[in-house]
Number of protein chains: 2
Amino acid sequence: MAATKKIEDEELMRRLALVFQSHGYEGASLATISQATGLKKPSLYHRFPRGKEQMAEEVLRHAGEWIDRNLLDPLRAPASPRQRAELFATRIGSLYHRGKDSCLLNLLSVTKSEDNPFAGMIHETFRRLSRSLSQVARDAGADPKDARLRAEEVLIAIQGALVLSRGIGSTAPFRRMQKKIPDLLVASRREDR
Amino acid sequence: MAATKKIEDEELMRRLALVFQSHGYEGASLATISQATGLKKPSLYHRFPRGKEQMAEEVLRHAGEWIDRNLLDPLRAPASPRQRAELFATRIGSLYHRGKDSCLLNLLSVTKSEDNPFAGMIHETFRRLSRSLSQVARDAGADPKDARLRAEEVLIAIQGALVLSRGIGSTAPFRRMQKKIPDLLVASRREDR
DNA sequence: GCCACTATACCGAACGATCGGTATGGTTGC
DNA sequence: GCAACCATACCGATCGTTCGGTATAGTGGC
């Protein structure tokens with residue numbers, strides 16, 4: 001150990017995430033990041049030797065861990081499928097500040113470079129979400145294929161509601177979608193397809 | 001009355017749209033745009049005196065007109081609500097190249113500046129889409145409030161499917177969502193809310 | 001038909017500003 | 001003393017933008 005950190009890792013990650021998810025990867029300049037974190041550029045390079053790309057990577061990793069702990073673990077808790085789906089819905093609300101924030105997975109999937117450096121991590125995070133969600137649907141009686149489709153529907157609803165809410169400057173669509181998550185995942189359906 | 005254009009307005013708009021929707025606003029550098037259009041940077045300023053921001057504005061306006069002509073007008077055509085919804089679904093598919101492209105409304109709602117210069121146009125486009133979609137739901141028998149919610153659901157499904165498809169590198173979610181659009185908009189529902 | 005003029009379209013070169021990234025050296029806490 | 005941490009100052013490259021100038025094409029006067 002040595003000189004005290006000016007900002008703790010946890011808080012640093014939170015602020016970095018906020019910058020990336022409000023301006024995107026290219027839009028988040030080191031000047032902006034420096035101002036948001038209180039660390040000058042050399043200090044940022046002390047914390048992230050590989051620079052801006054590493055910052056985004058670790059923010060993505062940190063978000064992935066938050067998702068594992070606060071979204072996916074509860075989906076496997078010993079409770080009824082509906083209870084688990086409802087807890088998931090409330091947690092989704094706090095993750096995105098009830099619709100005010102954007103999703104890192106969406107914003108970081110757009111970069112200037114032809115092949116996105118974060119594509120792998122983004123893909124994998126969506127996959128983990130999908131698997132855990134579909135397991136809940138299976139526990140509620142859905143067959144494997146229907147369960148996978150329900151998980152996909154939930155992910156689509158979340159991402160779409162975030163995009164629309166930002167697009168129209170109102171969190172109402174997100175809040176309406178949030179209430180529908182449990183039914184999308186575990187409610188039985190009429191056979192009218 | 002002048003020298004011949006190296007690239008016609010229509011084709012220019014199409015290429016600009018492609019650049020913005022694959023790299024985002026900040027990610028679309030003038031160097032990239034120049035390469036994609038075949039016009040050097042000064043020539044771009046001849047076409048768009050106010051620079052990059054004007055390019056994005058006009059691309060957005062051009063896309064809005066395409067939507068009005070190819071998506072919204074058919075929604076008011078003299079056909080059954082379901083037929084109109086189905087035509088809408090196929091047109092959505094061609095707009096986004098069956099899920100391969102991203103949505104300009106999503107990508108251009110992220111910029112480095114604090115207040116997005118395109119927010120107004122994006123908001124307005126979503127609003128026009130919502131109004132026309134909800135009218136179809138009303139024609140199918142939905143009451144005004146339910147119709148508005150159905151329109152919102154369709155917009156959420158489209159945006160969410162595009163985000164997810166890009167995130168996992170597969171157009172399967174988009175294609176599945178596309179098939180569901182007519183039912184979301186005009187199918188009668190079980191009363192289990 | 002021919003020349004002078006104007007308008008449009010385009011581009012090489014360079015602008016100041018900002019980009020991401022670093023070399024150097026001081027300060028802090030063990 | 002020493003390692004961790006951070007700031008001043010600076011780097012080359014690229015950003016969006018602009019200047020000066022050329023090529024093309026239609027117009028009006030004669």
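Naming: A, B, ... by sequence-line order, numbering from 1 per chain.
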Calculate the interatomic distance between [X] atom [atom1] and [N] atom [atom2]; express it in whole Å.
{"X": "B:Lys40", "N": "C:dA14", "atom1": "NZ", "atom2": "C1'", "result": "16 Å"}
{"X": "A:His46", "N": "D:dC6", "atom1": "NE2", "atom2": "C1'", "result": "8 Å"}
{"X": "B:Phe48", "N": "C:dC10", "atom1": "CZ", "atom2": "P", "result": "11 Å"}
{"X": "B:Ile33", "N": "C:dC10", "atom1": "CD1", "atom2": "P", "result": "16 Å"}

Q: Using heavy atoms and a sub-4.0 Å distance, could you list which residues of residues 113-122 of chain A are near DNA chain D? By number, please.
A: none

Report each atom pair, protein N/O against N/O of nucleotides 18-22 of chain C, whose distance is under 3.5 angstrom.
| unit_1 | atom_1 | unit_2 | atom_2 | d |
| --- | --- | --- | --- | --- |
| C:dC19 | OP1 | A:Ser29 | OG | 3.2 |
| C:dG20 | OP1 | A:Lys52 | NZ | 2.7 |
| C:dG20 | OP2 | A:Leu30 | N | 2.7 |
| C:dG20 | O6 | A:Lys41 | NZ | 3.4 |
| C:dG21 | OP2 | A:Tyr45 | OH | 2.1 |
| C:dG21 | OP2 | A:Lys52 | N | 3.2 |
| C:dG21 | O5' | A:Tyr45 | OH | 2.6 |
| C:dG21 | O6 | A:Lys41 | NZ | 2.5 |

Q. Can you list every ring-ring contact (aromatic ring centres under 6.0 Å, His included) pair that touches residues 62-82 of chain B, not counting sequence neighbours?
A. none

Q: Hey, can you tell me if B:Tyr25 and B:Phe20 have their rings parallel, tilted or perpendicular (30° and 60° cut-offs)?
A: parallel

List for me each residue that meets side chain to side chain contact (heavy atoms under 4.5 Å, CB included) alongside [X], sequence neighbours excluded, and say none if there are none.
{"X": "A:Ala119", "value": "A:Asn116"}
{"X": "A:Val136", "value": "A:Leu75, A:Pro81, A:Arg84, A:Leu185, A:Val186"}
{"X": "A:Ala151", "value": "A:Ser130, A:Leu133, A:Ser134"}

Q.
B:Tyr45: which residues meet the ring pair (Phe, Tyr, Trp, His ring centres under 6.0 Å) condition with it, sequence neighbours left out?
A. none

Q: Report the residues that fulfil ring pair (Phe, Tyr, Trp, His ring centres under 6.0 Å) with B:Phe48, sequence neighbours left out, ordered by chain and then residue number.
A: none

Identify each donor-acceptor pair in which a side-chain atom of residues 85-95 of chain B lies under 3.5 Å from a protein atom, sequence neighbours left out, and give them as a table.
| unit_1 | atom_1 | unit_2 | atom_2 | d |
| --- | --- | --- | --- | --- |
| B:Thr90 | OG1 | B:Leu87 | O | 2.7 |
| B:Arg91 | NH1 | B:Asn70 | O | 2.9 |
| B:Ser94 | OG | B:Arg91 | O | 3.0 |

